[in-house]
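Some notes on the structure that comes next.
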There are 2 protein chains.
Amino acid sequence: MNVQEGLNILKEKGYKYTGKREDIITYFSKEDRYRTAKDLLSYMEPNYEGISFDTIYRNLHLFHQVGILESTELNGEKHFRMKCDHHHHHHFICNDCGITKEIHSCPMDDIKGELNNFAIDDHKFEIYGRCPACQ
Amino acid sequence: MNVQEGLNILKEKGYKYTGKREDIITYFSKEDRYRTAKDLLSYMEPNYEGISFDTIYRNLHLFHQVGILESTELNGEKHFRMKCDHHHHHHFICNDCGITKEIHSCPMDDIKGELNNFAIDDHKFEIYGRCPACQ
DNA sequence: CTTCAAAACGTAATCATTCTCATTTACAAA
DNA sequence: TTTGTAAATGAGAATGATTACGTTTTGAAG
């Protein structure tokens with residue numbers, strides 16, 4: 001997803017445009033990997049002195065809700081990244097730099113038969129390690 | 001894993017036997033599902049008045065380290081369960097009661113080719129939903 | 001240009017978890 | 001059985017991430 005698509009989603013749903021919001025989306029658009037609220041705050045602070053934690057968290061939560069960002073939990077911290085807008089897939093995640101690589105096969109395809117009578121809401125498949133650059 | 005096996009692991013590694021530790025292992029042995037530190041504390045408090053948070057957390061961490069418990073993170077809280085001692089597998093986890101069902105296929109078998117040059121440390125595959133009893 | 005709900009601010013609160021340190025306990029060796 | 005030592009515990013404060021709240025500011029519709 002690019003910056004413009006993200007802003008369009010906000011507009012469609014009736015949320016306001018602000019410079020901060022554009023900058024947040026721009027940040028994730030450029031980073032293309034999982035980042036924490038703190039990472040984002042560090043990026044925003046030089047441009048918006050006194051920006052509050054609340055603004056960061058509220059926007060992360062909002063962007064996740066409307067589908068601009070996707071999130072996962074690593075080491076007790078929520079991490080966010082720009083939502084990949086093509087077909088369903090999973091990620092390899094580098095423990096050092098947070099960079100991701102898409103995994104195109106989904107294990108759910110193979111196990112439907114094992115879960116008769118169970119209501120399935122969601123699933124998580126992630127692979128952790130170190131990317132070529134971090135080794 | 002049963003209670004005796006758990007206690008043996010502690011003994012082998014030179015950790016001391018205490019009644020609390022036996023009770024903690026007994027708890028997880030009976031529960032057979034993911035439980036939080038708070039759940040465990042509620043169970044222990046009637047038997048050990050004044051038991052501290054720290055004892056709970058320290059023992060959970062220790063038991064995880066020596067392989068008596070396995071853990072996962074759900075909704076920002078660490079959850080623990082008795083380690084299944086047979087072959088590698090994954091879990092369906094009920095969002096309501098925490099009960100688990102083993103999934104015997106592992107997606108890692110299918111994707112080795114996709115991750116050449118990546119060092120793989122670990123992976124997580126979990127399915128969330130509601131079990132037959134909770135629907 | 002006005003108006004008003006939404007967004008952002010500043011700060012305090014909350015929640016899970018970990019740390020510090022003094023005290024107690026388990027248990028192996030004498 | 002006594003003793004020494006490392007491990008375990010208790011009590012409470014500290015930490016770190018996240019959320020809540022009352023007030024102020026601001027985007028954008030009319």
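Each chain gets a letter, A, B and so on, in the order the sequences are listed, and its residues count up from 1. Source: prediction; values computed, not measured.
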- Query: For the helix from C:dC1-D:dG30 to C:dA30-D:dT1, what angle lies between the axis at the first five pairs and the axis at the last five pairs, to 10 degrees?
  - Reply: 30°

- Check every strand shown and say whether A:N59 touches a base, only sugar-phosphate, or nothing at a heavy-atom separation below 4.0 Å. sugar-phosphate

- Query: Atom CZ in A:F92, atom NE2 in B:H123: separation rounded to 0.5 Å?
  - Reply: 13.0 Å

- Item | For atom CG of A:N75 and atom C1' of D:dG16, their distance in whole Å | 13 Å

- Task: Specify the separation, in whole Å, of atom CZ of B:R58 and atom P of D:dG10.
- Result: 8 Å

- Item | Position toward the 5' end of DNA chain C (nearest nucleotide), B:G76 or A:L62 | A:L62

- Round to a whole Å and report the spacing from CD1 of B:I51 to C1' of C:dT24. 15 Å

- Query: Hey, are the side chains of B:Y34 and B:E70 touching, using non-hydrogen atoms and a 4.5 Å cut-off?
  - Reply: yes

- Within residues 4-23 of chain A, residues whose heavy atoms come under 4.0 Å of DNA chain C: A:Y15, A:K16, A:T18, A:K20, A:R21

- Message: Between A:T26 and A:S29, do the side chains contain a donor N or O and an acceptor N or O under 3.5 Å apart?
- Response: no

- Hey, is the side chain of B:S52 poking within less than 4.0 Å of OP1 or OP2 on D:dG10, counting only N and O atoms? yes

- Task: Give me the ring orientation class for A:Y57 and A:F53: parallel if the planes are under 30° apart, tilted from 30 to 60°, perpendicular past 60°.
- Result: parallel

- Is the number of heavy atoms from other residues, nucleotides or ligands under 6.0 Å of B:N75 CG greater than 12? no

- Query: In terms of the angle between their ring planes, are A:H104 and A:H89 parallel, tilted or perpendicular, with boundaries placed at 30° and 60°?
  - Reply: tilted

- Task: May I ask you to check whether A:E12 and A:N8 show a side-chain donor-acceptor distance below 3.5 Å?
- Result: no

- Min side-chain heavy-atom separation A:E31-A:D39 under 4.5 Å: no

- Query: Taking the side chain of B:Y57 as its heavy atoms from C-beta onward, which of D:dG10, C:dG10, C:dA16 lies nearest to it?
  - Reply: C:dA16

